[in-house]
There are 2 protein chains.
Amino acid sequence: MAERVTDHRRGPRRRGAELEAAILAATRAGLVERGYASLSMDWIAERARTSKAALYRRWGTVGELVVYTHARLVRSLLTVPDTGSFASDMRAMLRSTADVMDSEYGELLRGVLAEIMKNQELAAEARRQLADSGPQAMDEIYRRGIERGEVRPELRGTRTMTVALDLLRSEFILGGTPIPDAAIDDILDTVYLPLVRLPD
Amino acid sequence: MAERVTDHRRGPRRRGAELEAAILAATRAGLVERGYASLSMDWIAERARTSKAALYRRWGTVGELVVYTHARLVRSLLTVPDTGSFASDMRAMLRSTADVMDSEYGELLRGVLAEIMKNQELAAEARRQLADSGPQAMDEIYRRGIERGEVRPELRGTRTMTVALDLLRSEFILGGTPIPDAAIDDILDTVYLPLVRLPD
DNA sequence: CAATTAGAGAACAGCTAGTTCTCTAATTGA
DNA sequence: TCAATTAGAGAACTAGCTGTTCTCTAATTG
């Protein structure tokens with residue numbers, strides 16, 4: 001004698017990529033509206049108008065879902081500016097990365113970093129994402145810098161090449177957002193450029 | 001008609017500092033045995049053989065308790081070696097810091113960093129702890145380096161002075177533990193020492 | 001020695017993580 | 001074309017945690 005007022009099982013049922021897109025959108029919405037700390041599978045399922053079962057079929061925890069969402073989003077956020085010189089390319093890239101950290105994506109990044117700190121298994125995958133994305137864009141800028149004869153070619157691909165980005169992330173973690181221009185100038189002019197610039 | 005087999009209300013009751021010490025010990029034990037992700041007020045209260053009420057009277061959340069525990073512990077962990085030269089002092093300090101990151105304290109540090117990522121209110125206090133502790137020890141080593149005429153005196157107290165520690169923390173977050181000697185050598189020999197050493 | 005403070009123990013409501021049902025729409029392939 | 005399979009929707013449920021609020025009573029204070 002169960003009365004069902006609305007049975008969504010009748011409606012058009014989303015599947016596969018379409019459903020996944022709705023779930024990822026709901027995850028981003030959750031990060032923006034409630035923050036990483038208050039994100040829950042229940043909330044995401046309701047927001048995406050799907051069921052928890054559909055979520056758990058794909059991801060085991062909220063953390064996995066956040067890391068996956070980050071992986072899907074991070075590629076579209078990288079900007080590789082070409083402004084004419086290595087120094088201004090780097091400055092533009094760091095500034096735009098800092099701006100992204102201060103946008104809604106910042107909460108996603110915070111979630112991924114929190115997950116790295118919390119979860120040993122996920123840490124490897126999340127670290128790979130962070131260790132790949134930034135340096136990849138950086139490498140393009142550095143390559144052009146070598147061609148122009150502005151920077152030391154032997155440093156390409158080494159830890160030194162990514163020092164600027166490491167320090168910017170440090171600033172994000174320890175200083176929060178927004179990241180002032182002064183911090184970026186400091187990283188570049190005092191630390192990074194003296195290191196990589198060719199001695200004349 | 002309630003039968004009480006054991007009523008601990010009769011026994012000697014701990015208070016103040018004594019009780020707090022037991023709670024902090026239980027918190028550290030929880031971090032080691034279960035990890036930051038599985039830490040709960042319930043577990044800590046049971047482990048410290050006290051009540052949740054006593055915990056909530058002091059701290060509002062597990063995060064606060066973890067950050068407080070960190071604050072209490074961090075001072076005793078700083079080592080300021082005096083080995084005869086600035087370079088070897090720094091190497092010894094970074095190595096010992098890296099070793100601490102690989103000890104049970106590492107899980108506490110992970111907890112504090114996770115809390116910074118998760119909780120906006122606590123972040124300020126936790127950041128202050130991290131931003132103060134390391135540089136403080138560093139400053140002593142740097143001061144001696146200036147006296148010996150080994151490093152550029154104008155960098156004392158600037159962002160540049162702490163670059164080595166920032167990069168080590170980056171390594172901890174993105175690379176995990178243990179931190180190999182090669183990473184420390186790289187940070188020092190390729191990045192840090194060329195920056196701060198006096199040109200001859 | 002009386003009044004006050006604070007710990008112990010317990011119960012509780014509310015929320016979340018995961019799991020596991022049933023029912024049924026959409027897809028596949030013989 | 002139709003039967004079999006896959007997978008989403010909805011719901012129920014257990015277990016565990018948070019944060020609060022009782023009562024009882026030990027320890028401290030004045």
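Nothing here was measured: the structure is a model prediction, and the numbers come from that model. Letters A, B, ... mirror the listed sequences (proteins, then strands); counts begin at 1.
Applying the salt bridge (charged side-chain N to carboxylate O under 4.0 Å, His left out) rule to Arg144(B) yields the partners Asp82(B), Asp89(B), Glu140(B); only residues at least two apart in sequence or on another chain are considered. By the salt bridge (charged side-chain N to carboxylate O under 4.0 Å, His left out) test, Glu18(B) is found to be paired with no residue, residues two or more places apart in sequence or in another chain being considered. For Tyr36(A), the ring-ring contact (aromatic ring centres under 6.0 Å, His included) criterion is met by no residue, not counting sequence neighbours. Residues meeting the salt bridge (charged side-chain N to carboxylate O under 4.0 Å, His left out) test with Arg169(A), sequence neighbours left out: Asp166(A).
Residue pairs that meet the salt bridge (Lys or Arg N to Asp or Glu O under 4.0 Å) test with at least one member in residues 19-40 of chain B, sequence neighbours left out, are Glu20(B)-Arg72(B), Glu33(B)-Arg47(B). Among residue pairs with one or both ends in residues 87-110 of chain A, those qualifying as ring-ring contact (aromatic ring centres under 6.0 Å, His included) are His70(A)-Tyr105(A); sequence neighbours excluded. Applying the salt bridge (Lys or Arg N to Asp or Glu O under 4.0 Å) definition to pairs two or more places apart or across chains, those involving residues 170-183 of chain A are Arg95(A)-Asp181(A), Glu171(A)-Arg159(B). Legend: salt bridge (Lys or Arg N to Asp or Glu O under 4.0 Å) pairs involving residues 108-120 of chain A, not counting sequence neighbours, sorted by first then second residue: Glu107(A)-Arg110(A). The salt bridge (Lys or Arg N to Asp or Glu O under 4.0 Å) contacts involving residues 52-61 of chain A comprise Asp42(A)-Lys52(A), where partners must be two or more places apart or lie in separate chains.
Across the protein-nucleic acid pair, Glu18(B) atom CD and dA27(D) atom P stand 11 Å apart, rounded to whole Å. In this structure, Ile44(A) atom CD1 and dT16(C) atom C1' are separated by 12 Å, rounded to whole Å. One atom, CD1 of Ile23(A), and another, C1' of dA7(D), lie 12 Å apart when rounded to the nearest Å. Per the geometry, CD belonging to Glu46(A) stands 16 Å off C1' belonging to dA17(C), to the nearest Å.
Glu46(B) CD: 12 or fewer foreign heavy atoms inside a 6.0 Å radius.
The side chain of Arg58(A) contributes an N or O atom lying less than 4.0 Å from OP1 or OP2 of dG8(D). For the pair Arg57(A) and dG8(D), the criterion of a side-chain N or O lying under 4.0 Å from OP1 or OP2 is met.
When distances are taken from the side chain of Leu19(A) to each of dG8(D), dT20(C), dT21(D), the shortest belongs to dG8(D).
For the atom pair CD1 (Ile173(B)) and CD1 (Ile116(A)), the distance works out to 8.0 Å, reported to the nearest 0.5 Å.
Of all the residues in residues 113-121 of chain B, not one reaches under 4.0 Å from DNA chain D with any non-hydrogen atom.
In DNA chain D, consecutive stretches of 3 or more Watson-Crick or G-U wobble pairs with both distances under 3.5 Å are given as paired ranges: C:1-30 with D:1-30.
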Nucleotide N/O of nucleotides 12-18 of chain D paired with protein N/O under 3.5 Å:
unit_1  : atom_1 : unit_2   : atom_2 : d
dT18(D) : OP2    : Met41(B) : N      : 2.9

